[in-house]
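Written out below as structure tokens is the structure these notes cover.
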Amino acid sequence: MKGADDMRFLALQPPRMLSFTWNAPPNLPEARQQRTFVVVRIHPVNERETRVTLHHTGWGDGGEWDKPTPTSIAPGATCSPT
């Protein structure tokens, strides 16, 4: 599965933040026409821990946007709204 084809970096603030565009995998051509936007923030907690916050926005509604894909969430990962 792909999703980073023609990805564009929007902002970079090392070592704290990066932002880029994303698109749906090729098996969802309708949804693939609309790009989404990702912001990843990195917050040091202490010398051994880092908090990573991922904000992914720009999703569509209905149609292919509502179909789950094998890459919707990585095995073992958890998602919780903030």
Side-chain angles (χ1 to χ4, degrees):
M1 292 289 175
K2 296 180 180 182
D5 303 27
D6 298 320
M7 177 182 85
R8 293 178 182 91
F9 280 97
L10 302 173
L12 179 62
Q13 296 176 343
R16 297 175 182 226
M17 186 274 295
L18 68 106
S19 177
F20 52 91
T21 63
W22 193 261
N23 60 349
N27 65 316
L28 301 173
E30 176 188 317
R32 191 171 171 80
Q33 292 177 22
Q34 179 179 331
R35 292 194 173 272
T36 58
F37 304 93
V38 179
V39 178
V40 179
R41 296 189 186 278
I42 302 164
H43 305 279
V45 175
N46 57 45
E47 286 186 18
R48 297 180 53 119
E49 297 179 12
T50 301
R51 178 183 306 126
V52 177
T53 305
L54 184 139
H55 183 78
H56 196 164
T57 189
W59 302 96
D61 290 316
E64 290 182 343
W65 288 102
D66 293 341
K67 291 182 180 179
T69 66
T71 58
S72 294
I73 185 167
T78 59
C79 289
S80 58
T82 57

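Residues take their numbers from the sequence shown, with the count starting at 1.
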Considering non-hydrogen atoms only, spot the tightest contact between V45 and R51 and give its length.
CG2-N, 3.8 Å
Roughly how far, to the nearest 0.5 Å, is the CG atom of D66 from the CG atom of L28?
11.0 Å
Output all residues satisfying side-chain contact (heavy atoms from CB on, under 4.5 Å) with N46, sequence neighbours left out; order by chain, then residue number.
R48, E49
Residues at least two apart in sequence or cross-chain that pass side-chain contact (heavy atoms from CB on, under 4.5 Å) with Q13, listed by chain then number, are M17
Nearest heavy-atom neighbours spanning R35 and R8
NE-NH1, 3.1 Å
Linking I/L/V/M/F/W/Y whenever their side-chain heavy atoms sit closer than 4.5 Å, directly or via other members, would V39 and F9 fall into one cluster?
no
Is there a path from V52 to F37 through hydrophobic residues (I, L, V, M, F, W, Y) whose side chains come within less than 4.5 Å of each other?
no
Please confirm whether the backbone N or O of M7 pairs with a side-chain atom of T21, one donor and one acceptor, at under 3.5 Å?
no
Hey, could you give me the CZ/NE2 distance between R41 and H55, rounded to the nearest 0.5 Å?
9.0 Å
Applying ring pair (Phe, Tyr, Trp, His ring centres under 6.0 Å), can you list everything that pairs with W65, at least two apart in sequence or on another chain?
W59
T36 and T57: which non-hydrogen atoms are nearest, and at how many Å?
CB-O, 3.2 Å
Determine, using the 4.5 Å side-chain heavy-atom cutoff (strictly less than), whether L10 and W22 are members of one ILVMFWY cluster.
no
